[in-house]
Structures are given as C-alpha cells and as structure tokens.
Amino acid sequence: MSMPSLVEALERHGELIPGQRRYSPEVRAELLSMSAATIDRYLAPAREKDPLCGLSATKPSPLLRSSITVRKAGDEVEQTPGFFEGDTVAHCGPTLKGEFCRTLNLTGMHTGWVFTRSVRNNAHLHILASLGEALEQIPFEVTGLDFDNGSEFINHDVIDWAAGRKIFFTRSRPYRKNDQATIESKNDHLVRRNAFHWRYDTADALMVLNRLWPVVNDRMNFLTPTKKPIGRKTSPTGHRTRVYDAPRTPFDRLLNAGVLSPAQERELIAYRDELNPAEVARRIQSIQDRLTAIAKRATLDLEASLLTPVPDTARGIKIRRAG
C-alpha cells in the first residue's frame, strides 16, 4: 500500500497538520487502515469518465520484421533493470485523419520505471530524438527495447540507432497485445488517464503535453507503489490465480536492484524526499486544465462534425460523414 509513505510525505511538507482541515490522529489511523477497495469506493464519485474513446494508430510494418527477435507473452521477465517495453499513443481524438501529436511511452520490465514524451508525429526523426532523451534521463543503463510492429519503430533508422548503442531490440507478435501487456496498461492509466482523449494537433498542445509528463513521471516513479506478478498458485477450489509481490515504487525497486552508485542513490533519495505529493497533484491538475482549455472544445466540435447528417442530393437520401 502507498498510504503510509504518502501520509508521511504530506505531513513532512505541511500538507497534513493535526487539528487543521479536519485532520487528526483518528483520521490518520483510518487512512492507514483503509484497504485499496475502500479507497476506490471513496474516490469513485470524483473520477470523471472520458467522453471519448481512443483509436489505435498502429500500422504493421513488413520492413525488417523477419530479422528481429520476437518476444512473446509469458517469456521470462528480466531479472535486472534495463529492459523496456515501448509504444506510442495517438492523440487523434475522434479521427485518425491529418497530423496529430503522439506520445512515446517506455516502461521498465524489472522496476516499472517510466519515461514519457510527446512528439509532433511519428516521423523517425522525432522518435529517435525522444529515445535519445530517454537514454539521457533514465538514471540507469537501458539494455533492451521491445516494441510492437509499428513502422515508427520497425525501420532501419531506429534499429541502427539501437545497434549502435548495443541495445537489444525485440518486437511483439502482430495483433497480440498480450505480448506487451505492461506497456498497454501504462498507455491507459498513465497516458490516457493524465492526458485524456482530446485531439492535440498544435504546437501549443505539444508544449503543454511535454510540461505534463515530467511531473507525471515523478509521481509514477517515486510516489506510486505497484505490484508485480511473481507466479501463480492454485486455490483450494482448483482455480489458478496470479501471485503478486508487495507493492513498491519503481524507485524502491531500483534501489533494491543495486545498480546505482552511492552518489546516484543519495541524489535520487534527496530528490524523492523533496517531492510534495500534494504539490505534484496540483501541478498536474493545473497542466491538465490547460490541455482541456486548448483541446476540449475543438475535439468535441470535430466529433460532432463527423456525425452530422449530410444530404445526398443525387440519391435523395442522407448519409453520415465517416472519420
């Protein structure tokens, strides 16, 4: 559970003070005793549902596929940090027509460490620039990358870039999302949940998206514990169920892996302790408000225009515009 560390951080930064804003030792004890299900029930009324659904923009690329190692669901999980699954998320709104922003999303298989950046489009130049930025900012060596079969990844430029840095390169099987279950999950609860389903197709929107991701990444990497599947067990009734380890943040898993130097550990621990969870949440909300102001009205107007009946004067009937 993340509640003990979250409460401690909020108290350390003066966000929770006994006797103020209905916070008390009794409230503290109740928070620490809450189950995850109870927290979800309390938060349910405050969680808005997105008005739009996402579209898939992945286009299989036959280029080089036969020469790239296939990584399947169920393959052994790497036991050291460095191997990442990656994908791009299309911020297309209700239609894939035209140019729109994409978000490159990487997640480490061993630690759960995430790196997220948005680009103008899926051109190789932009993808390579973001991958280069990832190598600079991820605080440990990136040793492997696993992508789907999209042409933004399966091309000579990206493969040569990886080979030049001795990064092991693999791909999933076409149309098998379970091969990349980890990154598919992150696409939803990291990218979609924080950037919504609006259409972002302007330089202003791209700039704001890239103000959002460092803050979201900090919250995910340093403040959000996650569970990892470690095996399966058979229940007394004969059902096979997954077994998970204790929840830990990606940073805690990174510390336990022992790949950081003492200087890196001290620097990153100090950085984590400086993060005020409430201030991080306020910054994310402020940036999200800006994104919504930029894109909500335009996206809803575009969606409405795609569904507007159009007279077919030649046949005397009405047809609907398709996106």
Side-chain angles (χ1 to χ4, degrees), residues 1-48 81 106-116 137-140 182 185-186 188-191 193-194 211-230 243-289:
M1 284 287 292
S2 63
M3 191 60 73
S5 59
L6 180 61
V7 169
E8 180 183 340
L10 291 171
E11 290 176 338
R12 184 170 64 249
H13 290 280
E15 298 288 345
L16 292 178
I17 301 174
Q20 296 186 15
R21 292 185 291 183
R22 297 185 295 176
Y23 186 61
S24 66
E26 292 76 18
V27 171
R28 188 183 198 278
E30 183 179 355
L31 287 171
L32 296 181
S33 65
M34 275 186 181
S35 68
T38 300
I39 295 172
D40 285 340
R41 285 198 298 271
Y42 278 2
L43 293 179
R47 289 175 172 165
E48 296 180 354
L106 302 177
T107 185
M109 297 300 293
H110 181 75
T111 62
W113 193 274
V114 294
F115 173 88
T116 318
Q137 298 200 15
I138 293 171
F140 51 96
T182 301
S185 173
K186 282 291 192 295
D188 180 41
H189 76 259
L190 192 161
V191 180
R193 187 170 295 180
N194 286 285
R211 286 174 47 208
L212 174 68
W213 299 131
V215 192
V216 170
N217 286 172
D218 277 349
R219 180 159 70 176
M220 296 294 294
N221 289 329
F222 292 98
L223 303 174
T224 307
T226 58
K227 297 186 295 184
K228 284 182 59 178
I230 56 176
V243 178
Y244 295 87
D245 65 2
R248 286 180 292 173
T249 66
F251 179 56
D252 288 335
R253 296 183 189 278
L254 183 58
L255 289 177
N256 291 338
V259 298
L260 299 176
S261 69
Q264 281 181 304
E265 288 190 8
R266 290 193 297 271
E267 181 181 353
L268 290 173
I269 289 172
Y271 183 77
R272 178 201 57 193
D273 291 345
E274 290 174 358
L275 291 174
N276 178 350
E279 179 58 26
V280 169
R282 286 190 288 265
R283 288 175 61 194
I284 290 173
Q285 183 64 59
S286 175
I287 298 170
Q288 288 174 330
D289 290 345

If you define the side chain from C-beta out and look only at heavy atoms, does anything of [X] sit under 4.5 Å from [Y]?
X	Y	result
Pro277	His13	yes
Leu6	Leu223	no
Arg219	Arg283	no
Val280	Asp218	no
Phe115	Asn221	no
Thr116	Val216	no
Arg272	Thr249	no
Arg248	Thr226	no

Please evaluate residues Ile39 and Met3 with respect to the criterion side chain to side chain contact (heavy atoms under 4.5 Å, CB included), reporting the C-alpha separation (whole Å), side-chain torsions for both, the decisive distance (0.1 Å), and the verdict. CA-CA 10 Å; Ile39 295 172; Met3 191 60 73; 3.6 Å; yes
When rounded to the nearest 0.5 angstrom, what distance separates [atom1] in [X] from [atom2] in [Y]?
X	Y	atom1	atom2	answer
Glu279	Ile284	CD	CD1	10.5 Å
Gln264	Glu267	CD	CD	7.5 Å
Thr107	Leu190	OG1	CG	8.0 Å
Arg266	Leu260	CZ	CG	11.5 Å
Asn194	Asp188	CG	CG	10.5 Å
Ser24	Ile17	OG	CD1	13.5 Å

Check the pair Arg22, Val27 against side chain to side chain contact (heavy atoms under 4.5 Å, CB included), reporting the backbone distance first and the verdict last. CA-CA 8 Å; Arg22 297 185 295 176; Val27 171; 5.8 Å; no
Checking Asp245 side chain against Lys228 main chain: does a donor-acceptor pair fall under 3.5 Å? yes
Would a distance-only check, ignoring hydrogens and angles, find a side-chain to backbone donor-acceptor pair under 3.5 Å from Arg253 to Trp113? no
Mind listing the closest non-hydrogen atom pair of Pro139 and Leu268 along with its distance?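 Result for this residue pair: CB-CD1, 4.0 Å.
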Could you walk me through whether Glu8 and Arg12 pass the side chain to side chain contact (heavy atoms under 4.5 Å, CB included) check? CA-CA 6 Å; Glu8 180 183 340; Arg12 184 170 64 249; 3.9 Å; yes
Have Glu11 and Tyr23 got a donor and an acceptor in their side chains that come within less than 3.5 Å?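 Yes, because at least one side-chain N or O of Glu11 sits under 3.5 Å from a partner of the opposite role on Tyr23.
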With under 30° as parallel and over 60° as perpendicular, where do the rings of Phe251 and Phe222 fit, or are they tilted in between?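 Aromatic pair Phe251/Phe222 classed tilted.
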